J.: 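Mind having a look at this structure? Questions to follow.
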Protein chains: 2
Amino acid sequence: MTIYESIKRSILHGEFPPKMRLTEEFLAKKLETSRTPIREALKQLESEGLTVSMKRGVRVRHFTKKDIQQIYDLRTLLEGYAASQAATHRTEADLENMRLANDSYEKAIDNYIKTGETTIENILDINHQFHNAVINASQNPHIYSHITKVVVVPLIFRSFYWFNEEQLRHSLEAHKTLLKAIEEQDMERARVAMHEHIYHGRDEVLKQMDTIDEQYSPAKELQ
Amino acid sequence: MTIYESIKRSILHGEFPPKMRLTEEFLAKKLETSRTPIREALKQLESEGLTVSMKRGVRVRHFTKKDIQQIYDLRTLLEGYAASQAATHRTEADLENMRLANDSYEKAIDNYIKTGETTIENILDINHQFHNAVINASQNPHIYSHITKVVVVPLIFRSFYWFNEEQLRHSLEAHKTLLKAIEEQDMERARVAMHEHIYHGRDEVLKQMDTIDEQYSPAKELQ
DNA sequence: GGTTGAAAGTTTGTATACAAACTGTTAGCA
DNA sequence: TGCTAACAGTTTGTATACAAACTTTCAACC
(Lines give C-alpha, C1' and ligand atoms only; values in the text may rest on other atoms or scores of the structure.)
Protein backbone atom coordinates (compact mmCIF):
# COMPACT_ATOMS: atom_id res chain seq x y z
CA MET A 1 0.00 0.00 0.00
CA THR A 2 1.42 3.34 -1.01
CA ILE A 3 1.57 6.33 1.31
CA TYR A 4 -1.16 8.02 -0.71
CA GLU A 5 -3.45 5.02 -0.39
CA SER A 6 -2.74 4.69 3.28
CA ILE A 7 -3.72 8.28 4.08
CA LYS A 8 -6.75 8.04 1.82
CA ARG A 9 -7.83 4.90 3.62
CA SER A 10 -7.50 6.60 6.98
CA ILE A 11 -9.67 9.46 5.80
CA LEU A 12 -12.32 7.23 4.24
CA HIS A 13 -12.49 5.04 7.32
CA GLY A 14 -12.94 7.98 9.61
CA GLU A 15 -9.66 7.55 11.41
CA PHE A 16 -8.77 11.04 10.27
CA PRO A 17 -12.12 12.82 10.67
CA PRO A 18 -13.21 15.90 8.71
CA LYS A 19 -11.42 19.11 9.64
CA MET A 20 -8.60 17.24 11.35
CA ARG A 21 -5.31 18.92 10.67
CA LEU A 22 -2.75 16.75 8.95
CA THR A 23 0.75 17.94 9.72
CA GLU A 24 3.53 16.49 7.65
CA GLU A 25 5.56 15.43 10.62
CA PHE A 26 2.66 13.60 12.24
CA LEU A 27 2.01 11.60 9.09
CA ALA A 28 5.71 11.00 8.52
CA LYS A 29 6.07 9.53 11.97
CA LYS A 30 2.93 7.47 11.69
CA LEU A 31 3.87 6.00 8.32
CA GLU A 32 7.55 5.73 9.21
CA THR A 33 8.89 7.79 6.36
CA SER A 34 10.16 11.30 5.84
CA ARG A 35 8.21 14.43 5.00
CA THR A 36 9.04 14.43 1.30
CA PRO A 37 6.86 11.47 0.23
CA ILE A 38 4.14 12.69 2.57
CA ARG A 39 3.98 15.99 0.76
CA GLU A 40 3.52 14.29 -2.57
CA ALA A 41 0.69 12.19 -1.20
CA LEU A 42 -0.97 15.27 0.28
CA LYS A 43 -0.79 17.07 -3.06
CA GLN A 44 -2.47 14.16 -4.73
CA LEU A 45 -5.18 13.99 -2.10
CA GLU A 46 -5.84 17.66 -2.48
CA SER A 47 -6.27 17.39 -6.22
CA GLU A 48 -8.77 14.64 -5.54
CA GLY A 49 -10.60 16.95 -3.20
CA LEU A 50 -10.21 14.92 -0.02
CA THR A 51 -8.18 17.57 1.75
CA VAL A 52 -8.01 21.33 1.72
CA SER A 53 -4.94 23.42 2.35
CA MET A 54 -5.14 26.67 4.19
CA LYS A 55 -2.51 29.37 4.33
CA ARG A 56 -0.60 26.98 6.49
CA GLY A 57 -1.15 23.24 6.58
CA VAL A 58 -3.64 20.75 5.30
CA ARG A 59 -6.91 19.58 6.76
CA VAL A 60 -9.23 16.72 6.00
CA ARG A 61 -12.06 18.17 4.02
CA HIS A 62 -15.42 18.64 5.56
CA PHE A 63 -18.41 18.02 3.32
CA THR A 64 -21.73 19.60 4.06
CA LYS A 65 -24.98 18.06 3.04
CA LYS A 66 -25.11 20.49 0.16
CA ASP A 67 -21.67 19.35 -1.01
CA ILE A 68 -22.82 15.76 -1.01
CA GLN A 69 -25.92 16.66 -3.00
CA GLN A 70 -23.98 18.56 -5.62
CA ILE A 71 -21.25 15.97 -5.91
CA TYR A 72 -23.82 13.24 -6.28
CA ASP A 73 -25.50 15.24 -9.02
CA LEU A 74 -22.23 15.34 -10.89
CA ARG A 75 -21.76 11.64 -10.41
CA THR A 76 -25.22 11.05 -11.80
CA LEU A 77 -24.39 13.13 -14.82
CA LEU A 78 -21.02 11.51 -15.48
CA GLU A 79 -21.95 7.91 -14.88
CA GLY A 80 -25.17 8.39 -16.80
CA TYR A 81 -23.10 9.56 -19.73
CA ALA A 82 -20.71 6.64 -19.29
CA ALA A 83 -23.65 4.25 -19.40
CA SER A 84 -25.04 5.75 -22.57
CA GLN A 85 -21.63 5.57 -24.21
CA ALA A 86 -21.22 2.01 -23.03
CA ALA A 87 -24.48 1.17 -24.74
CA THR A 88 -23.07 2.17 -28.12
CA HIS A 89 -19.43 1.21 -27.76
CA ARG A 90 -19.37 -1.91 -25.60
CA THR A 91 -17.52 -4.94 -26.99
CA GLU A 92 -18.33 -8.58 -26.31
CA ALA A 93 -15.52 -8.65 -23.76
CA ASP A 94 -17.05 -5.65 -21.99
CA LEU A 95 -20.41 -7.38 -21.78
CA GLU A 96 -18.73 -10.43 -20.35
CA ASN A 97 -17.02 -8.30 -17.69
CA MET A 98 -20.24 -6.64 -16.68
CA ARG A 99 -22.08 -9.95 -16.50
CA LEU A 100 -19.37 -11.49 -14.37
CA ALA A 101 -19.31 -8.55 -11.97
CA ASN A 102 -23.05 -8.64 -11.70
CA ASP A 103 -23.14 -12.37 -11.06
CA SER A 104 -20.65 -11.87 -8.26
CA TYR A 105 -22.83 -9.10 -6.95
CA GLU A 106 -25.90 -11.28 -6.89
CA LYS A 107 -24.05 -14.07 -5.13
CA ALA A 108 -22.57 -11.71 -2.56
CA ILE A 109 -25.96 -10.22 -1.76
CA ASP A 110 -27.56 -13.66 -1.48
CA ASN A 111 -24.78 -14.75 0.78
CA TYR A 112 -25.09 -11.63 2.88
CA ILE A 113 -28.81 -12.09 3.39
CA LYS A 114 -28.76 -15.84 3.96
CA THR A 115 -25.58 -16.54 5.87
CA GLY A 116 -24.25 -13.13 6.84
CA GLU A 117 -20.73 -14.26 5.97
CA THR A 118 -20.18 -11.64 3.29
CA THR A 119 -19.39 -8.20 4.65
CA ILE A 120 -20.87 -4.92 3.54
CA GLU A 121 -17.36 -3.83 2.57
CA ASN A 122 -17.25 -6.77 0.21
CA ILE A 123 -20.57 -5.93 -1.38
CA LEU A 124 -19.56 -2.31 -1.88
CA ASP A 125 -16.38 -3.54 -3.51
CA ILE A 126 -18.14 -5.76 -6.02
CA ASN A 127 -20.68 -3.04 -6.74
CA HIS A 128 -17.73 -0.82 -7.52
CA GLN A 129 -16.36 -3.42 -9.91
CA PHE A 130 -19.59 -3.43 -11.87
CA HIS A 131 -19.60 0.33 -12.16
CA ASN A 132 -16.02 0.23 -13.33
CA ALA A 133 -16.89 -2.32 -15.95
CA VAL A 134 -19.54 0.02 -17.31
CA ILE A 135 -17.16 2.96 -17.40
CA ASN A 136 -14.65 0.77 -19.16
CA ALA A 137 -17.19 -0.25 -21.75
CA SER A 138 -17.78 3.39 -22.62
CA GLN A 139 -14.38 3.32 -24.33
CA ASN A 140 -13.66 6.81 -23.08
CA PRO A 141 -10.73 6.57 -20.67
CA HIS A 142 -10.96 10.26 -19.86
CA ILE A 143 -14.20 9.78 -17.96
CA TYR A 144 -12.42 7.65 -15.45
CA SER A 145 -10.53 10.25 -13.45
CA HIS A 146 -13.57 12.47 -13.22
CA ILE A 147 -15.72 9.71 -11.86
CA THR A 148 -13.21 8.50 -9.30
CA LYS A 149 -13.13 12.02 -7.97
CA VAL A 150 -16.88 12.17 -7.44
CA VAL A 151 -17.26 8.58 -6.33
CA VAL A 152 -14.80 8.78 -3.51
CA VAL A 153 -16.55 11.48 -1.55
CA PRO A 154 -19.68 9.66 -0.45
CA LEU A 155 -17.38 6.87 0.70
CA ILE A 156 -16.35 9.07 3.59
CA PHE A 157 -19.69 8.19 5.06
CA ARG A 158 -19.23 4.56 4.25
CA SER A 159 -18.74 3.59 7.85
CA PHE A 160 -22.19 4.94 8.64
CA TYR A 161 -23.94 3.09 5.87
CA TRP A 162 -26.58 0.68 6.74
CA PHE A 163 -28.26 -1.50 4.16
CA ASN A 164 -31.41 -3.47 4.46
CA GLU A 165 -32.38 -6.41 2.33
CA GLU A 166 -34.75 -4.40 0.23
CA GLN A 167 -32.16 -1.79 -0.68
CA LEU A 168 -29.70 -4.42 -1.81
CA ARG A 169 -32.25 -6.27 -3.93
CA HIS A 170 -33.35 -2.99 -5.42
CA SER A 171 -29.77 -2.17 -6.32
CA LEU A 172 -29.31 -5.55 -7.94
CA GLU A 173 -32.43 -5.04 -10.03
CA ALA A 174 -31.13 -1.68 -11.16
CA HIS A 175 -27.88 -3.26 -12.31
CA LYS A 176 -29.78 -5.87 -14.27
CA THR A 177 -31.94 -3.26 -15.97
CA LEU A 178 -28.86 -1.27 -16.85
CA LEU A 179 -27.03 -4.29 -18.19
CA LYS A 180 -29.96 -5.20 -20.38
CA ALA A 181 -30.12 -1.70 -21.84
CA ILE A 182 -26.42 -1.82 -22.61
CA GLU A 183 -26.75 -5.25 -24.18
CA GLU A 184 -29.50 -3.94 -26.42
CA GLN A 185 -27.49 -0.82 -27.21
CA ASP A 186 -30.25 1.45 -25.99
CA MET A 187 -28.35 4.58 -25.03
CA GLU A 188 -31.15 6.55 -23.49
CA ARG A 189 -32.47 3.67 -21.43
CA ALA A 190 -28.97 2.93 -20.19
CA ARG A 191 -28.47 6.53 -19.19
CA VAL A 192 -31.77 6.74 -17.38
CA ALA A 193 -31.20 3.42 -15.63
CA MET A 194 -27.83 4.55 -14.32
CA HIS A 195 -29.21 7.94 -13.44
CA GLU A 196 -32.00 6.52 -11.33
CA HIS A 197 -29.79 3.94 -9.75
CA ILE A 198 -27.33 6.53 -8.49
CA TYR A 199 -30.02 9.01 -7.61
CA HIS A 200 -31.60 6.41 -5.42
CA GLY A 201 -28.26 5.91 -3.70
CA ARG A 202 -28.00 9.65 -3.23
CA ASP A 203 -31.30 9.76 -1.40
CA GLU A 204 -30.23 6.95 0.90
CA VAL A 205 -26.98 8.64 1.78
CA LEU A 206 -28.66 11.98 2.43
CA LYS A 207 -31.32 10.35 4.55
CA GLN A 208 -28.64 8.67 6.63
CA MET A 209 -26.67 11.90 6.88
CA ASP A 210 -29.57 13.44 8.74
CA THR A 211 -29.29 10.72 11.33
CA ILE A 212 -25.58 11.02 11.84
CA ASP A 213 -25.43 14.78 11.70
CA GLU A 214 -24.92 15.15 15.41
CA GLN A 215 -22.13 12.67 15.93
CA TYR A 216 -20.54 14.03 12.82
CA SER A 217 -20.53 17.71 13.65
CA PRO A 218 -18.37 17.72 16.80
CA ALA A 219 -15.40 17.17 14.52
CA LYS A 220 -15.49 20.93 14.11
CA GLU A 221 -13.79 21.30 17.42
CA LEU A 222 -10.85 19.11 16.52
CA GLN A 223 -7.46 20.75 17.00
CA MET B 1 3.77 33.31 -11.57
CA THR B 2 4.14 30.08 -9.65
CA ILE B 3 6.32 27.22 -10.83
CA TYR B 4 3.24 25.22 -11.67
CA GLU B 5 1.82 28.01 -13.79
CA SER B 6 5.11 28.55 -15.52
CA ILE B 7 5.47 24.94 -16.61
CA LYS B 8 1.82 24.81 -17.61
CA ARG B 9 2.30 27.89 -19.71
CA SER B 10 5.29 26.40 -21.46
CA ILE B 11 3.29 23.29 -22.30
CA LEU B 12 0.25 25.21 -23.52
CA HIS B 13 2.37 27.50 -25.64
CA GLY B 14 4.17 24.65 -27.31
CA GLU B 15 7.55 25.45 -25.83
CA PHE B 16 7.52 21.99 -24.29
CA PRO B 17 5.98 19.94 -27.08
CA PRO B 18 4.02 16.70 -26.59
CA LYS B 19 6.14 13.71 -25.59
CA MET B 20 9.03 15.88 -24.50
CA ARG B 21 10.64 14.50 -21.43
CA LEU B 22 10.67 16.84 -18.44
CA THR B 23 13.52 16.04 -16.11
CA GLU B 24 13.45 17.63 -12.73
CA GLU B 25 16.93 19.00 -12.98
CA PHE B 26 16.28 20.62 -16.35
CA LEU B 27 13.21 22.40 -15.01
CA ALA B 28 14.95 23.31 -11.77
CA LYS B 29 17.77 24.95 -13.67
CA LYS B 30 15.41 26.71 -16.08
CA LEU B 31 13.22 28.11 -13.32
CA GLU B 32 16.13 28.75 -11.00
CA THR B 33 14.88 26.71 -8.11
CA SER B 34 15.56 23.31 -6.61
CA ARG B 35 14.03 19.99 -7.50
CA THR B 36 11.61 19.89 -4.58
CA PRO B 37 9.16 22.55 -5.75
CA ILE B 38 9.47 21.21 -9.30
CA ARG B 39 8.26 17.82 -8.16
CA GLU B 40 5.20 19.34 -6.56
CA ALA B 41 4.35 21.22 -9.70
CA LEU B 42 4.79 18.08 -11.80
CA LYS B 43 2.45 16.14 -9.51
CA GLN B 44 -0.17 18.80 -9.95
CA LEU B 45 0.23 18.85 -13.70
CA GLU B 46 -0.14 15.12 -13.82
CA SER B 47 -3.35 15.19 -11.86
CA GLU B 48 -4.62 17.71 -14.36
CA GLY B 49 -3.68 15.36 -17.16
CA LEU B 50 -1.13 17.56 -18.88
CA THR B 51 1.76 15.19 -18.27
CA VAL B 52 2.18 11.46 -17.95
CA SER B 53 4.73 9.71 -15.81
CA MET B 54 6.38 6.54 -16.96
CA LYS B 55 8.33 4.13 -14.80
CA ARG B 56 10.96 6.78 -14.72
CA GLY B 57 10.35 10.44 -15.41
CA VAL B 58 7.60 12.61 -16.72
CA ARG B 59 6.66 13.53 -20.26
CA VAL B 60 4.39 16.13 -21.77
CA ARG B 61 1.23 14.33 -22.70
CA HIS B 62 0.43 13.64 -26.28
CA PHE B 63 -3.20 13.89 -27.28
CA THR B 64 -4.51 12.04 -30.28
CA LYS B 65 -7.45 13.25 -32.27
CA LYS B 66 -9.59 10.68 -30.49
CA ASP B 67 -8.51 12.08 -27.13
CA ILE B 68 -9.53 15.55 -28.18
CA GLN B 69 -12.90 14.31 -29.37
CA GLN B 70 -13.61 12.46 -26.14
CA ILE B 71 -12.40 15.26 -23.92
CA TYR B 72 -14.51 17.76 -25.82
CA ASP B 73 -17.51 15.51 -25.39
CA LEU B 74 -16.97 15.61 -21.66
CA ARG B 75 -16.63 19.33 -21.75
CA THR B 76 -19.88 19.58 -23.64
CA LEU B 77 -21.58 17.44 -21.02
CA LEU B 78 -20.17 19.32 -18.05
CA GLU B 79 -20.59 22.86 -19.31
CA GLY B 80 -24.04 21.99 -20.64
CA TYR B 81 -24.95 20.92 -17.15
CA ALA B 82 -23.41 24.04 -15.67
CA ALA B 83 -25.49 26.17 -18.03
CA SER B 84 -28.71 24.41 -17.10
CA GLN B 85 -27.95 24.80 -13.43
CA ALA B 86 -27.06 28.45 -13.96
CA ALA B 87 -30.48 28.94 -15.51
CA THR B 88 -32.19 27.92 -12.28
CA HIS B 89 -29.77 29.19 -9.70
CA ARG B 90 -28.31 32.40 -11.08
CA THR B 91 -28.53 35.51 -8.90
CA GLU B 92 -28.80 39.11 -10.12
CA ALA B 93 -25.08 39.53 -9.48
CA ASP B 94 -24.36 36.48 -11.64
CA LEU B 95 -26.39 37.93 -14.49
CA GLU B 96 -24.49 41.16 -14.17
CA ASN B 97 -21.18 39.31 -14.39
CA MET B 98 -22.22 37.42 -17.48
CA ARG B 99 -23.49 40.56 -19.16
CA LEU B 100 -20.28 42.41 -18.41
CA ALA B 101 -18.11 39.59 -19.71
CA ASN B 102 -20.19 39.37 -22.83
CA ASP B 103 -20.06 43.10 -23.47
CA SER B 104 -16.27 42.93 -23.21
CA TYR B 105 -16.34 40.02 -25.59
CA GLU B 106 -18.36 41.96 -28.13
CA LYS B 107 -16.08 44.96 -27.89
CA ALA B 108 -12.95 42.83 -28.21
CA ILE B 109 -14.28 41.11 -31.31
CA ASP B 110 -15.32 44.39 -32.89
CA ASN B 111 -11.94 45.82 -32.14
CA TYR B 112 -10.20 42.78 -33.54
CA ILE B 113 -12.11 42.93 -36.78
CA LYS B 114 -11.95 46.70 -37.27
CA THR B 115 -8.57 47.74 -35.97
CA GLY B 116 -6.69 44.51 -35.38
CA GLU B 117 -5.36 45.90 -32.12
CA THR B 118 -6.89 43.23 -29.92
CA THR B 119 -5.06 39.94 -29.99
CA ILE B 120 -6.53 36.47 -30.32
CA GLU B 121 -5.08 35.66 -26.92
CA ASN B 122 -7.10 38.50 -25.51
CA ILE B 123 -10.31 37.32 -27.12
CA LEU B 124 -9.78 33.78 -25.86
CA ASP B 125 -9.23 35.20 -22.42
CA ILE B 126 -12.46 37.15 -22.35
CA ASN B 127 -14.34 34.20 -23.77
CA HIS B 128 -12.96 32.23 -20.89
CA GLN B 129 -14.24 34.83 -18.44
CA PHE B 130 -17.75 34.48 -19.76
CA HIS B 131 -17.67 30.72 -19.45
CA ASN B 132 -16.40 31.07 -15.90
CA ALA B 133 -19.23 33.44 -15.10
CA VAL B 134 -21.71 30.81 -16.25
CA ILE B 135 -20.07 28.08 -14.18
CA ASN B 136 -20.12 30.41 -11.21
CA ALA B 137 -23.80 31.10 -11.68
CA SER B 138 -24.52 27.38 -11.46
CA GLN B 139 -23.81 27.68 -7.70
CA ASN B 140 -22.09 24.31 -7.77
CA PRO B 141 -18.43 24.91 -6.96
CA HIS B 142 -17.60 21.25 -7.49
CA ILE B 143 -18.12 21.53 -11.22
CA TYR B 144 -15.24 23.89 -11.45
CA SER B 145 -12.29 21.57 -11.07
CA HIS B 146 -13.78 19.11 -13.52
CA ILE B 147 -14.27 21.73 -16.16
CA THR B 148 -10.82 23.27 -15.84
CA LYS B 149 -9.41 19.82 -16.43
CA VAL B 150 -11.27 19.36 -19.70
CA VAL B 151 -10.94 22.94 -20.83
CA VAL B 152 -7.22 23.09 -20.64
CA VAL B 153 -6.51 20.34 -23.11
CA PRO B 154 -7.70 21.94 -26.32
CA LEU B 155 -5.64 24.95 -25.34
CA ILE B 156 -2.55 22.97 -26.21
CA PHE B 157 -3.49 23.60 -29.78
CA ARG B 158 -4.18 27.24 -29.08
CA SER B 159 -1.11 28.36 -30.93
CA PHE B 160 -2.47 26.77 -34.08
CA TYR B 161 -5.88 28.34 -33.85
CA TRP B 162 -7.00 30.56 -36.55
CA PHE B 163 -10.24 32.47 -36.38
CA ASN B 164 -12.10 34.19 -39.12
CA GLU B 165 -14.62 36.94 -38.70
CA GLU B 166 -17.57 34.64 -39.18
CA GLN B 167 -16.47 32.22 -36.49
CA LEU B 168 -16.10 35.00 -33.98
CA ARG B 169 -19.47 36.54 -34.75
CA HIS B 170 -21.04 33.12 -34.55
CA SER B 171 -19.48 32.56 -31.16
CA LEU B 172 -20.78 35.90 -29.93
CA GLU B 173 -24.29 35.05 -31.10
CA ALA B 174 -24.08 31.77 -29.23
CA HIS B 175 -23.13 33.58 -26.04
CA LYS B 176 -26.08 35.92 -26.43
CA THR B 177 -28.50 33.07 -26.97
CA LEU B 178 -27.14 31.32 -23.92
CA LEU B 179 -27.34 34.42 -21.78
CA LYS B 180 -30.94 35.00 -22.79
CA ALA B 181 -31.88 31.43 -21.87
CA ILE B 182 -30.22 31.83 -18.49
CA GLU B 183 -31.95 35.16 -17.92
CA GLU B 184 -35.30 33.53 -18.67
CA GLN B 185 -34.42 30.57 -16.46
CA ASP B 186 -34.95 28.12 -19.27
CA MET B 187 -32.76 25.19 -18.22
CA GLU B 188 -33.10 23.06 -21.30
CA ARG B 189 -32.52 25.89 -23.74
CA ALA B 190 -29.48 26.98 -21.77
CA ARG B 191 -28.08 23.48 -21.84
CA VAL B 192 -28.65 23.08 -25.54
CA ALA B 193 -27.20 26.49 -26.32
CA MET B 194 -24.03 25.72 -24.42
CA HIS B 195 -23.88 22.26 -25.90
CA GLU B 196 -24.05 23.52 -29.45
CA HIS B 197 -21.67 26.35 -28.79
CA ILE B 198 -18.96 24.04 -27.53
CA TYR B 199 -19.70 21.37 -30.08
CA HIS B 200 -19.16 23.92 -32.79
CA GLY B 201 -15.80 24.76 -31.24
CA ARG B 202 -14.95 21.09 -31.15
CA ASP B 203 -15.53 20.77 -34.86
CA GLU B 204 -13.31 23.74 -35.57
CA VAL B 205 -10.47 22.38 -33.49
CA LEU B 206 -10.70 18.95 -35.06
CA LYS B 207 -10.80 20.42 -38.53
CA GLN B 208 -7.68 22.44 -37.78
CA MET B 209 -5.98 19.41 -36.23
CA ASP B 210 -6.15 17.69 -39.61
CA THR B 211 -4.19 20.54 -41.10
CA ILE B 212 -1.50 20.59 -38.47
CA ASP B 213 -1.18 16.85 -38.10
CA GLU B 214 2.08 16.71 -39.97
CA GLN B 215 3.96 19.44 -38.23
CA TYR B 216 2.61 18.11 -34.97
CA SER B 217 3.60 14.47 -35.33
CA PRO B 218 7.40 14.81 -35.56
CA ALA B 219 7.34 15.50 -31.83
CA LYS B 220 7.23 11.73 -31.49
CA GLU B 221 10.94 11.61 -32.13
CA LEU B 222 11.79 13.97 -29.30
CA GLN B 223 14.17 12.44 -26.77
C1' DG C 1 26.62 -10.04 -36.91
C1' DG C 2 23.73 -10.33 -33.17
C1' DT C 3 22.89 -11.09 -28.37
C1' DT C 4 23.92 -10.89 -23.57
C1' DG C 5 25.90 -8.94 -19.44
C1' DA C 6 28.38 -5.82 -16.76
C1' DA C 7 29.69 -1.25 -15.71
C1' DA C 8 29.23 3.63 -16.06
C1' DG C 9 26.19 7.32 -16.28
C1' DT C 10 21.58 9.50 -15.48
C1' DT C 11 17.71 10.49 -13.07
C1' DT C 12 14.53 9.85 -9.58
C1' DG C 13 13.25 8.69 -4.49
C1' DT C 14 14.06 9.74 0.24
C1' DA C 15 15.98 11.92 4.20
C1' DT C 16 17.36 15.88 6.44
C1' DA C 17 19.13 20.45 7.50
C1' DC C 18 18.15 25.05 7.44
C1' DA C 19 15.49 29.19 6.37
C1' DA C 20 11.12 31.48 6.24
C1' DA C 21 6.55 32.19 7.66
C1' DC C 22 2.92 31.85 10.58
C1' DT C 23 0.68 31.30 15.45
C1' DG C 24 0.15 32.00 19.99
C1' DT C 25 1.60 33.78 24.29
C1' DT C 26 3.25 37.00 27.42
C1' DA C 27 4.90 41.26 29.07
C1' DG C 28 4.72 46.12 28.90
C1' DC C 29 2.15 50.12 28.55
C1' DA C 30 -1.88 53.11 28.22
C1' DT D 1 -8.57 45.90 31.77
C1' DG D 2 -7.47 45.96 27.05
C1' DC D 3 -4.30 46.63 23.39
C1' DT D 4 0.16 46.12 21.04
C1' DA D 5 4.63 44.39 20.17
C1' DA D 6 8.02 41.18 20.47
C1' DC D 7 9.55 36.71 21.23
C1' DA D 8 9.25 31.76 21.38
C1' DG D 9 7.46 27.74 19.34
C1' DT D 10 5.69 25.23 15.62
C1' DT D 11 5.19 24.03 10.90
C1' DT D 12 5.98 24.49 6.20
C1' DG D 13 9.11 25.74 2.06
C1' DT D 14 13.44 24.94 -0.17
C1' DA D 15 17.92 23.13 -1.00
C1' DT D 16 20.88 19.42 -1.10
C1' DA D 17 23.18 15.05 -0.14
C1' DC D 18 22.95 10.37 -0.73
C1' DA D 19 20.89 5.95 -2.03
C1' DA D 20 18.26 3.29 -5.27
C1' DA D 21 16.63 2.33 -9.75
C1' DC D 22 16.75 2.57 -14.43
C1' DT D 23 19.30 3.35 -19.17
C1' DT D 24 22.75 3.22 -22.16
C1' DT D 25 26.96 1.80 -23.86
C1' DC D 26 30.50 -1.14 -24.92
C1' DA D 27 32.78 -5.31 -25.09
C1' DA D 28 32.95 -10.20 -25.03
C1' DC D 29 31.07 -14.29 -26.45
C1' DC D 30 28.05 -17.26 -29.16
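Small disclaimer: the values here were computed from a predicted structure and weren't measured. First the proteins, then the strands, lettered A, B, ... as listed; each starts at 1.
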J.: How close or far is atom P of D:dT14 from atom CD of A:E40, stated in whole angstroms?
T.: 14 Å
J.: Among C:dT16, C:dA21, D:dA15, which nucleotide has an atom closest to any side-chain atom of B:T36?
T.: D:dA15
J.: Check the distance between D:dT16's P and B:K29's NZ and give it to me in whole angstrom.
T.: 13 Å
J.: Between atom CG in B:L31 and atom P in D:dA15, what is the gap in whole Å?
T.: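 Value for this atom pair: 11 Å.
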J.: On the nucleotide D:dA15, are OP1 or OP2 found under 4.0 Å from the side-chain N or O atoms that B:S34 carries?
T.: yes
J.: Check every atom of D:dC22, D:dT12, D:dC18 against the side chain of B:R35 and return the nucleotide holding the closest atom.
T.: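 Of the options given, the side chain of B:R35 lies nearest D:dC18.
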J.: Nearest-Å distance, CD (B:E24) to C1' (C:dT14)?
T.: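 After rounding, the gap between these two atoms is 12 Å.
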J.: When you check the gap from the basic side-chain N to the acidic O, do B:K43 and B:E40 get nearer than 4.0 Å?
T.: no
J.: Nearest to the side chain of A:R21 - C:dA15, D:dT12, D:dT14?
T.: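 Within the option list, the nearest is D:dT12.
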J.: Check the distance between D:dT11's P and A:L22's CG and give it to me in whole angstrom.
T.: 13 Å
J.: Taking the basic N atoms (NZ, or NE/NH1/NH2) and the acidic carboxylate oxygens, is any pair closer than 4.0 Å for B:K8 and B:E48?
T.: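 Answer for the salt bridge query: yes.
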J.: Please state whether the rings of A:Y105 and A:H175 are parallel, tilted or perpendicular, taking 30° and 60° as the class boundaries.
T.: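 Parallel: the ring planes of A:Y105 and A:H175 meet at under 30°.
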J.: Return the nearest nucleotide to the side chain of B:T23; candidates are D:dA17, C:dA20, C:dT11.
T.: C:dT11
J.: Let me know the distance between CD of A:E25 and P of D:dG9, rounded to the nearest Å.
T.: 16 Å
J.: If you only use heavy atoms from C-beta on, which nucleotide in C:dA20, D:dT23, C:dT16 is closest to the side chain of B:K55?
T.: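 Comparing C:dA20, D:dT23, C:dT16 against the side chain of B:K55, the answer is D:dT23.
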J.: So, are A:K207 and A:E204 salt-bridged, with charged N and O less than 4.0 Å apart?
T.: yes
J.: Would you call A:R191-A:E79 a salt bridge at under 4.0 Å N-O?
T.: no
J.: In whole Å, what is the span from the CZ atom of A:R56 to the P atom of C:dC22?
T.: 7 Å
J.: D:dA15 phosphate, OP1 or OP2: any side-chain N/O from B:T33 under 4.0 angstrom?
T.: yes
J.: A:F26 CZ to D:dT11 P: how many Å, rounded?
T.: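 Taking atom P of D:dT11 as the reference, CZ of A:F26 is at 12 Å.
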